[in-house]
Amino acid sequence: MLHVRVLTAILMLAAFVGALFFLPPLGWGLFLAVLLFGGVREWARLVRVYRVSRYVFASIATALGLWFAWLSGLLEGAVGDERLQYLYGAASLFWMIGAPLWLRVRPERFPLWALLPLGALILVATYCALVHLRNIGPGVMLMFMAVVWIADVAAYFSGRKFGGRKLAPNVSPGKTWAGAYGAFVATAIYAALWIYLLPELVPAALTEKPGGALWMFPLIALLTAASIIGDLFESILKRRAGLKDSGAMLPGHGGVLDRIDALLPVLPLAAWVSMQ
């Protein structure tokens, strides 16, 4: 299966990079709509919606995402419609308050289907954020996405090296506090390099504040924490649903949500900051 995993990764990377740099805003939005459909369908699967209903719900959520992107001008290359702030703010509020509370309490009797509209909100917000950040600039979008990738790699290696106390043993036994600390250290270094090497990509909302680009350090730390929460939240949904992967849309890699779980809280928050 290794060759399948590698081939899928190569094809995904080629499709993503090609779409990112060569498609117009409308084409990029339509390309992402395919992933939005797959992600919403998988979310419905995790909350135990019947098969046919998953496709209906995914179609409605995808249409809603496209409608909102069109209404706010994202599909035409816009970057500043204030209505997006409410969408990003609502999604970010859940990730900063609702998800940590859920992970702490883990209500076993809470009906999973009640999470269905929440999934639509989260995924539509992430979809719009991806279109929005790319409209600002592909480099900006990739820089914010790289926070998640760096945090994930650093957490893996520091966790393997130092081990120690588990971060959330009942949710994701492989994660440790040492891994989390390693992620924060690595992304702090990344923030410093971002400020020094690419100051033009630092959001203007930060450079205009007292302290200027130094605000990147708390922002990147917040995004790192959010990425860990997003990963853990999807893990607990899969555990409650009795599933190893969110889906099988990506051979050798599981589903769409398995690949973007840590990005779900990061991208709307990054887009919200970029609008301030």
Side-chain angles (χ1 to χ4, degrees), residues 1-2 5-6 8-9 12-13 46 92 94-106 122 126 142-198 201-202 206 213-246 250 252-270 273:
M1 291 296 292
L2 179 61
R5 185 178 179 86
V6 171
T8 301
M12 285 193 301
L13 181 62
L46 291 180
S92 297
F94 166 74
W95 288 116
M96 289 186 288
I97 299 175
L101 183 62
W102 180 282
L103 290 169
R104 181 175 179 81
V105 178
R106 293 197 302 275
I122 288 170
T126 303
L142 290 174
M143 291 293 283
F144 277 119
M145 293 179 74
V147 174
V148 173
W149 302 330
I150 291 169
D152 188 49
V153 172
Y156 174 78
F157 284 105
S158 57
R160 282 180 61 96
K161 175 67 175 178
F162 300 106
R165 190 158 62 98
K166 301 296 184 182
L167 179 63
N170 295 324
V171 178
S172 185
K175 291 181 173 56
T176 65
W177 280 102
Y181 297 146
F184 281 106
V185 171
T187 54
I189 295 171
Y190 175 68
L193 293 173
W194 186 338
I195 294 169
Y196 180 72
L197 297 176
L198 295 168
L201 297 185
V202 175
L206 301 182
L214 292 179
W215 282 99
M216 282 295 290
F217 288 102
L219 173 61
I220 295 301
L222 180 60
L223 296 181
T224 302
S227 73
I228 295 171
I229 291 171
D231 192 343
L232 290 174
F233 190 76
E234 198 229 359
S235 294
I236 201 171
L237 288 184
K238 288 192 293 186
R239 183 173 290 269
R240 284 198 61 182
L243 298 170
K244 183 177 181 289
D245 296 318
S246 64
L250 307 173
H253 291 265
V256 173
L257 292 181
D258 293 320
R259 302 277 65 82
I260 67 169
D261 51 3
L263 289 167
L264 295 177
V266 168
L267 293 174
L269 183 56
V273 169

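Numbering of residues begins at 1 and proceeds along the displayed sequence.
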Assess whether atom CH2 of Trp215 is packed by more than 12 heavy atoms of other residues, nucleotides or ligands within 6.0 Å. no
Distance (rounded to the nearest 0.5 Å) between Leu263 CG and Asp231 CG: 10.5 Å
How long is the span from the CG atom in Leu219 to the CG atom in Leu223, to the nearest 0.5 Å? 4.5 Å
Can you check side-chain contact (heavy atoms from CB on, under 4.5 Å) on Leu214 and Leu206, steps first, answer last? CA-CA 8 Å; Leu214 292 179; Leu206 301 182; over 6 Å; no
Does anything in residues 217-228 form a salt bridge (Lys or Arg N to Asp or Glu O under 4.0 Å)? List the pairs, not counting sequence neighbours. none
For Ala168 versus Leu232, what's the shortest heavy-atom pair and its separation? CB-CD2, 4.1 Å
Who passes side chain to side chain donor-acceptor pair (under 3.5 Å) against Thr187, sequence neighbours left out? Thr224
Separation between CG (Leu103) and CG (Leu167), nearest 0.5 Å, reads 9.5 Å
Does the side chain of Glu234 reach to within under 4.5 Å of the side chain of Leu264, using non-hydrogen atoms? no
Is it the case that the side chain of Tyr190 and the backbone of Met143 share a donor-acceptor pair, with hydrogens and angles ignored and the cut-off at 3.5 Å? yes
Find the distance between CG (Leu257) and NZ (Lys238) and round it off to the nearest 0.5 Å. 8.5 Å
ring-ring contact (aromatic ring centres under 6.0 Å, His included) filter on Phe94, not counting sequence neighbours, yields Phe233
Taking atom CE of Met96 and atom CG of Leu101, what is their separation to the nearest 0.5 Å? 14.0 Å
Contact summary for Val266 and Phe144, nearest pair of heavy atoms: CG1-O, 4.2 Å
All heavy atoms of Phe184 vs all of Ala221, minimum pair found to be CE2-O, 3.3 Å
Per the salt bridge (Lys or Arg N to Asp or Glu O under 4.0 Å) rule, what does the pair list look like for residues 147-170, sequence neighbours excluded? none
Does Leu193 have any side-chain contact (heavy atoms from CB on, under 4.5 Å) partners at least two apart in sequence or in another chain, and if so, which? Ile189, Leu197
Identify, with sequence neighbours excluded, every residue that meets side chain to side chain donor-acceptor pair (under 3.5 Å) alongside Ser172. Lys175
When rounded to the nearest 0.5 angstrom, what is the spacing between CE in Met145 and CG in Leu267? 6.0 Å
Closest non-hydrogen atom pair between Ser227 and Ala151, with its separation: OG-CB, 4.2 Å
With side-chain contact (heavy atoms from CB on, under 4.5 Å) as the test, would you mind laying out the steps for Leu269 and Trp95 before giving the verdict? CA-CA 9 Å; Leu269 183 56; Trp95 288 116; over 6 Å; no
Pro268 side chain reached by Thr126 side chain, heavy atoms, under 4.5 Å: yes
Just wondering, do Phe162 and Thr176 contact through their side chains at under 4.5 Å, heavy atoms? no
